[in-house]
Each structure stands twice: as structure tokens, then as C-alpha cells.
Protein chains: 2
Amino acid sequence: MEKNQPVSITLTDRLFDRLQSAIVEGEIASGSKISEPELARQHGVSRGSLREAIGRLEARKLVERKPNLGARVVTLSYEQLIEIYQVREALEGMAARLAAQSMSDKEIEELQQLLQEHGRQIEEQQGEAYFQKQGDLDFHYRIVQGSKNRHLIGLLCNDLYHLLRMYRYQFGMRSKRSQQAYDEHHYLLNAITSRDPEMAELLMRQHIRSSRRNVEKMLLEN
Amino acid sequence: MEKNQPVSITLTDRLFDRLQSAIVEGEIASGSKISEPELARQHGVSRGSLREAIGRLEARKLVERKPNLGARVVTLSYEQLIEIYQVREALEGMAARLAAQSMSDKEIEELQQLLQEHGRQIEEQQGEAYFQKQGDLDFHYRIVQGSKNRHLIGLLCNDLYHLLRMYRYQFGMRSKRSQQAYDEHHYLLNAITSRDPEMAELLMRQHIRSSRRNVEKMLLEN
DNA sequence: AATAACAAAAGTGTCGACACATTTTTCTTT
DNA sequence: AAAGAAAAATGTGTCGACACTTTTGTTATT
């Protein structure tokens, strides 16, 4: 959530951020081909800088590139979404396990406050899904940070979460289970508070699996 | 192990491969600064191409880059190695679980043959560590492939394994436990053969944990 | 002699141009 | 008129040059 550098300094950085948002939010259609000259012109930037930005997008699996054929925005598919959830289950499960060992008492306390806040929001604005989604991400985000494992943090926060946001935007995935998610968060946080790594991992994995099942059901309705 | 494209086509690709090997094998010292003009000259290539290659190395966490300050080869540390093993445990555990569900009978059979081959090598050339390491990687590699999850495959085979190889090269990590590793592989393969995902994941995670403990012990001796 | 201010050198970020590959269009041949 | 070959157009890969930033080296001041 926080950045050391005030804002992105280099041109390529800013361009990368803009393109990433544009892709995640569907402004640049998924599956569409990217024309380097055109995009460069649109953003008033040289092709070289654009290329570096595209390279980073490729590393984050937001675009695919083939030599001499150019880059395309990644195509979303049901299968890929399932794959992402499987990776997420593995990584966040481990994150929860480590968080139970490594989070400071202060961090845990702040997380409890955050969760209370969520509880209030659920009672007040019944079914206001957006805040819930945002809150859900916040919660997971903090646990991942709490793992203190920089690799894990990078993998989840820099790579997976953006892909996941992309699916949420473009598949119109809104959770109809904020109450259940809240409960699951609660159990999980209890395990972390009592410093039980095994239980924390178990509950996190269950939580993500049930979230995945919810998504599957939702997509099959279409 | 195999590539669709016969060899890397583009200059940047080849350069990237060469640099990756050079870094992994310690030819370019870990922690050392990378001078773009010099490296470009050494490899007879323009700075632009070099920069793209460095960008990919950065995405694979083999180099770190700071705006206007340049790139350095990543610094190896005990802590980071532990972090890698934790991520590996999570991801390969999931890979084993999925492999138990998704590997074809043919793939499983080939894996059994590979393992028998390892068994023979252990009996014959007692303690020839190199082949064992190579074999170990092969075995894990195939299980990851067997998960059929492209994200997982990319994360492990493109990112983590190279980092791991780097540590093996530069920390001189040779396993003195080829017999035990072989046994653990055997149990794991049994679980996969009997299509037991739960057990497969469990055994894989134990296997990697015990491998990590071995590494810890080895490093504490220095 | 130590430090501050300044100037020179080296390094990174960005750009525009050219070379080569791919795609599209046009022209030939049957 | 359809199919194939040649040619034009578009797009990607690579390069060298310039602008700006950081580092190094020098001079001046106390």
C-alpha cells in the first residue's frame, strides 16, 4: 500500500503504471494486439520506453509477446482463473502460516481493528459489495506483509493480485458472501492471534477454496 | 527442459540466456554492480538490447535495479535462501497435489523409470553427488510439469529454480543425503501413482523441508 | 588538514533512425 | 476468377546519439 519512493520517478515507471491500470480495468481489451508505434504516440513517449514497460507487463503475465509478432494483452479464461486460485491457495496458505509466527503484536492488533471496522460496515451498509471487496484485499494484503517473506510478498502483491483484479473487473465478480468471508477472516485471525501456524494455514486455504467455489458458481450462471 | 522455439531467436533472448548463466554460475559476482556500457561492449551489443535483457533478469530477481543508480546482481544471503525454500515448499506441495490428479498414466510410468535409473546410479557410483543433484532437479521438474498448471510451472521453472541453482553453485551445496532423497522420492511417487493428492502434497512438503534442514546444517558448518 | 563548493567524468534515461521480418496489397499467370 | 508471386506497407528488433543525474576529482576557503 505504501511506497518508499514518493512517486514513480522514471518515465518507463509511470508508463508501466498507467498501462497496467488500463489493462487491469479493461480499457485496453484483453486479447487485443498492442501496436508499439500507436501506443507510443498515444502516450507521447518513444518506442524504446514503451518497450521496457511492455517487458515488465510481460513479466507480470499481463501481456504475452512473441518474437517479431508483437505483444497481445493476455486472454482471460476460466481455466486460467482456476489456476490462479490454486497458486494463491498455496502461497497465501504459506503466508498465513508465516504470519502466525512473524507478525508483531502491534500488527495483529491493527488487523483486529481493521476486521472490526469491516464488521461494522457489513451491519450498516448491507451488501455494499465494493467496500467489502476492497476490505477483503486489505485484509489479505496485510497478512501477506506479515509473513515477512519478501519473495512471497513480491509474488503475491506484485504479480498475482493484479491479475486477480483484472478478472474481478472484467468478469464482474462481486462477492455475495461478505458475511461468510468476514466470519472466515475472523477464525483465521484468531489462529494468528494464538500463534498457531498450522491452523492459520489450514483456515486460509479453506477460505480461498471457498472463495474459489463461489467464483465458479458465479461464472457458471453466465 | 525442452523449448518450442529451436533456439532463442532474438538478440535480447540470447543475451538474456548468457547473462542468466553467467550470474547463476557466479561468473558475474553476486552483489557486483553492472555497468551497462561495459557489459554491452563485452557482448558486442547495443545498450538498448542489454537493457531489455537486464529488465528480464530483474523480473526473475537475479538483479536489482534502482532508478538512476543502475543494476546490481542480487546479493545472496542465508535469510533469502530460507525464504526461497518456504515459497518452494508451498508451490511444489501444490504441484504434487495437482500432479496426483492430472498426470497421465504414461507420465507416471516414465517417472517411475526415471526413479529406477536414479536408484541404480546410487548403488553403482556411491556418492557421485553431481548426477544426484541433476536427477533431483529432473524429478521435481517433471512433477511440476505434471501439475498442468501453467502459472505454477512458470513460477517454479522460470523463476525459482534459477535462483536455487545460483545458490547451489555459489554456496557449494552438495547433498550428502542422496539415499534419503531417493527414498522420499519413492514414497512421493507412490502417493502420486495411487492418485492420492493429499498425501502427495504432504510428502512433497516434508521432502522439501528435510532438504532445507540439510542445507541449514551444511551452511552452519561454515 | 579538513571541508565546502564547484567542475569534469561517467552512467543512466530517453529518443529518433535504420535494418530486417511479417503482413497486406497489387500484379501476373493459368 | 482463383491462385500464386512480386512489391509495397506496416511493425518489430537493434543501434547510436543526446539529455539529465550521479559520482568522481579538483580547487578554494576556514
Side-chain angles (χ1 to χ4, degrees), chain A residues 3-23 28-75 158, chain B residues 3-23 28-75 158:
Chain A
K3 289 215 176 179
N4 327 20
Q5 311 291 11
V7 209
S8 315
I9 296 300
T10 178
L11 222 189
T12 303
D13 285 336
R14 286 197 294 276
L15 185 58
F16 168 71
D17 285 344
R18 260 190 288 168
L19 290 181
Q20 176 164 261
S21 297
I23 289 177
I28 304 179
S30 93
S32 69
K33 185 171 184 316
I34 291 178
S35 163
E36 292 183 2
E38 188 181 333
L39 244 195
R41 193 181 44 72
Q42 283 179 10
H43 291 262
V45 88
S46 91
R47 262 188 64 223
S49 304
L50 174 65
R51 264 167 144 276
E52 293 210 14
I54 292 181
R56 289 198 219 168
L57 293 171
E58 185 186 17
R60 295 200 175 177
K61 305 202 183 305
L62 290 174
V63 315
E64 288 172 346
R65 210 183 215 174
K66 289 179 182 174
N68 287 315
L69 293 184
R72 312 190 78 91
V73 178
V74 75
T75 302
N158 293 337
Chain B
K3 289 213 174 177
N4 325 23
Q5 312 289 10
V7 210
S8 314
I9 298 298
T10 179
L11 221 188
T12 303
D13 284 337
R14 285 197 296 274
L15 185 58
F16 167 70
D17 285 345
R18 260 190 288 169
L19 289 181
Q20 175 164 264
S21 297
I23 290 177
I28 304 179
S30 94
S32 68
K33 185 170 182 316
I34 291 178
S35 163
E36 291 183 3
E38 188 182 333
L39 243 195
R41 193 182 44 72
Q42 282 179 10
H43 292 262
V45 88
S46 90
R47 263 187 63 222
S49 305
L50 174 65
R51 266 168 143 275
E52 292 209 14
I54 292 181
R56 289 199 221 168
L57 292 171
E58 185 186 16
R60 295 200 174 176
K61 305 201 183 304
L62 290 174
V63 314
E64 288 173 346
R65 209 182 215 174
K66 289 179 181 173
N68 286 318
L69 294 184
R72 311 190 80 90
V73 178
V74 75
T75 302
N158 293 337

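A note on names: the letters A, B, ... follow the listed sequences, proteins ahead of strands, and every chain is numbered from 1.
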- Of the listed C:dT12, C:dC15, D:dT12, the closest approach to the A:Val45 side chain comes from C:dC15
- Message: Pick the closest DNA chain C nucleotide for A:Arg47 and for A:Asn68 by heavy atoms, then say which residue is nearer the 5' end.
- Response: A:Arg47
- Message: I want to check one thing: is the phosphate of C:dT14, taken as OP1 and OP2, less than 4.0 Å away from some side-chain N or O of A:Thr10?
- Response: yes
- Has B:Ser46 got a side-chain N or O lying under 4.0 Å from the OP1 or OP2 atom of D:dT14? no
- Rounded to whole Å, the CG-C1' distance (B:Leu50 to D:dG16) equals 15 Å
- Query: Is the closest basic N to carboxylate O distance between A:Asp17 and A:Arg56 below 4.0 Å?
  - Reply: no
- Task: Search all heavy atoms of B:Leu50 against all heavy atoms of B:Ala40 and return the closest pair with its distance.
- Result: CD2-N, 3.7 Å
- Task: Please report, rounded to the nearest Å, how far the P atom of D:dT22 is from the CD1 atom of B:Ile34.
- Result: 20 Å
- Provide, to the nearest angstrom, the distance between the CD atom belonging to A:Glu52 and the P atom belonging to D:dT12. 17 Å
- Distance, rounded to the nearest Å, where B:Leu39 contributes CG and C:dG11 contributes P: 12 Å
- Message: Heavy atoms from C-beta onward define the side chain here; which of C:dC15, D:dC15, C:dT12 lies closest to that of A:Leu11?
- Response: C:dC15
- Residues B:Val74 and B:Ser30: closest non-hydrogen pair is O-CB, 3.4 Å
- Rounded to the nearest angstrom, tell me the gap between atom CZ in B:Arg72 and atom C1' in D:dT22. 14 Å
- Hey, which of A:Glu38, A:Arg14, A:Arg18 is the one that makes side-chain hydrogen bond (donor to acceptor under 3.5 Å, both in side chains) with A:His43? A:Arg18
- What nucleotide among C:dT22, C:dT12, C:dT14 has an atom nearest to a side-chain atom of A:Leu69? C:dT22
- Whole-Å distance separating the CD1 atom of A:Ile54 from the C1' atom of D:dT12: 10 Å
- Hey, what do you get for CG (B:Leu57) to NZ (B:Lys61), rounding to the nearest 0.5 Å? 12.5 Å
- Task: Calculate the interatomic distance between A:Glu36 atom CD and C:dA21 atom P; express it in whole Å.
- Result: 17 Å
- Note on the structure: note: B:Lys66, atom NZ; D:dT21, atom C1'; distance rounded to Å ~ 16 Å
- Which of these nucleotides, C:dT12, D:dT12, C:dT14, is closest to any side-chain atom of B:Lys33? C:dT12
